[in-house]
Amino acid sequence: MILEFMRDDHRACDHFYTAAENALADKKTDEAKELFNQFYNATNHHFDMEEKQLFITFERRTGMMGGPTQMMRYEHQQLRALLESMLRSLNEGKVDDFFGQGESMMIMLQQHNMKEEQMLYPMIDQTLGMDGELMVQTLREMPQ
Amino acid sequence: MFNGLSLDQAPPISVVLRFFITLPLFGLSVSALMIFFPSEILTANHPISLASIHLLFLGMISMGMIGALFQMQSVLGGAPIPSPLGNSIIIHTLLTAGIFALASAFMFQVPTLFIIAAVLLGSAIVYFAQILLPLLLRKMAHNTLQGMRFAIVSLLITAILGIVMATSYANETFGDSHALLRASHYSIGLIGWVAALIIYVAFQVVEMFYVTTPYSDWCKHNVKRLLAASLSLKILWLFAALPFVWVFDGVIIMVLIGFSTTTMKRLRSRKRRVSDVSIWFWILGIGLLMIALLSHLGSMLNIYPLLEPMSLIAFALFSLSIILGMMGKIIPFLVWFHLNSAGYMETPIMSNVIPQKRLKMTFWLFCSMALTALIAPFYPLILIVSGLCGVMLFSVVLFNLTNAAKLYRSILVNGTKFTFEP
């Protein structure tokens, strides 16, 4: 339940980034900026869904406060910093820097996603049980 | 409920670098043998040929794969390898010394060296497997973990068969079962260890890094089963001297052709269109795997005898292509990641750790080496050209890696960290 919903959201974010990167490679700077903003907003929203709802509920139910969710929060911080740098590079027209930072961001983001999809989300699904559906509904309704 | 699960970050960079930097050194050794002994390398079961094959599959391919597993385990496996620094030093030392001993044993035909090699390599692989396997035997193991588990078990069996064969070489007495042991040793090593690990890593990496359509769940679930069943039955058939052993080779070829075509399809229709040398290595690697499979099929059908060595060369090049492509991505990422995590202001972007220009150079040198090596079974002397390309290729790879290590160390020593004033 959670795994499928959050995995689809990961893929949607990837799609925005790929579209932005492709547009910039084709020298369509304005389109790239717009697409990157969509990626930036979608990714930050995804992190918010996790930090403000999912992780808190999981921690309350299991009592695991300093475990995997804490590590994921730490990685969110690193990724947020990278997104800020990329946004700055894009707005300042530093295309090579943007691609260089983008490569690191993409590997880090995908490693982060793998950990969540293969370990954390199945654990959360197992913890929430039947309440998973309600959680997905709550996450869907969270404003961007 | 979830005891034992850790989502720790990567192991120290030196853990992975240690294995990766050794790879081009063995690459230079194999290239030197190609230059000086081209005909001997291409003669089946010649001591120099056997030395080269082990330098290639253990010194380069397994060295790269074991190094990458130290990094991947914390991401794909969920729990990092414990005491990574100490364990990597033990495994790397035993493995490197064992490979040198084995290659020397073949080349100089020294019986004692076979025993030393068996002890060192056996210890390295058993030690590695006993650390990694328990981490892969978790309850919630997903397909990739199961695939990795199958690969490590295959490596272990390959090593055990290798040890048995090394004692035969040491005693210079080869029993009736020697040919069967050899066939089992290379079948499990090439398919169960090398191909299976690459396939299961591809299931994760291709989709996520290059943003492609996902592989089907059926594939992820059944490839390891098909490979395990075919390999087990093939060995059983071989030892029981039953007919139609080729059926199992046929199944393995079909599985690998299926993997190649689906992977190629995904890479070609990937959403991420930005040019990246690692993609070139993947596409080339998959192409080489297809050549290996088709030429093996050709040799099974007795079309042309020289297709068999061509098949082995293409398979080795396939594995090497994937490893070199991934190394070009992993090392710059690790340098960036460790420095960035430590808060250094001078942290370089990935393309400044190993410039694209030099990564492209490794690709074109690899292409030249691969093309000439593939022709070599038909024109043996061209292996000298291949060896020369290999010397250039592995010199550049070594330069890239040592430069990345130097850059990392220099920033670690002289860099400035971000500080937060309260």
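Note that these values count all heavy atoms, side chains included, but never hydrogens, waters or copies made by symmetry. Order of the sequence lines fixes the chain letters, A, B, ..., with proteins taken first and strands second; residue numbering starts at 1 for each chain.
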By a 4.5 Å heavy-atom criterion (distance strictly below it), what part of [X] contacts chain A: side chain, backbone, both, or neither?
X	answer
B:N352	neither
B:Q356	neither
B:V274	both

Side-chain heavy atoms of [X] within contact of [Y], under 4.5 Å:
X	Y	answer
A:R11	B:M208	yes
B:F333	A:M106	no
B:M350	A:I107	yes
B:I349	A:F98	no
A:Q111	B:Q204	no

**A:Q101 CD to B:T347 OG1 distance, which is reported to the nearest 0.5 Å** =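 Output value for this atom pair is 11.5 Å.
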**Smallest separation among heavy atoms of A:Y74 and B:S341, with atom names** =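 Of all heavy-atom pairs spanning A:Y74 and B:S341, the closest is OH-O, 3.9 Å.
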**Prompt:** Can you name the closest pair of heavy atoms from A:G100 and B:S351 and give their distance?
**Reply:**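 Scanning both residues, the minimum pair turns out to be CA-OG, 4.3 Å.
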With a 6.0 Å cut-off (strictly less than), is the heavy-atom count around [atom1] of [X], excluding the residue itself, greater than 12?
X	atom1	answer
A:R61	CZ	yes
A:R73	CZ	yes
A:E51	CD	yes
A:R80	CZ	yes
A:E4	CD	yes
A:H15	NE2	no

**Item:** Salt-bridge contact B:R272-A:E103 (side-chain N to carboxylate O under 4.0 Å)
**Value:**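 Judged by the 4.0 Å cut-off on N to carboxylate O distance, B:R272 and A:E103 do form a salt bridge.
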**Request:** Give a yes or no on whether a salt bridge exists between A:E21 and B:K271, defined as a side-chain N under 4.0 angstrom from a carboxylate O.
**Result:**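 No, no charged N to carboxylate O under 4.0 Å.
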**Message:** For the interface with chain B, which of A:Q110, A:H10, A:E117, A:H112 has the highest count of heavy-atom pairs at distances below 4.5 Å?
**Reply:**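 If we count pairs closer than 4.5 Å to chain B, A:Q110 comes out on top.
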**Request:** Select, from A:L24, A:L82, A:D14, A:D26, the one with the greatest count of heavy-atom pairs under 4.5 Å involving chain B.
**Result:**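 Option with the top pair count is A:L82.
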**Message:** Under 4.5 Å from any heavy atom of chain B, what part of A:Q70 do you find: side chain, backbone, both or neither?
**Reply:**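 Neither; nothing under 4.5 Å.
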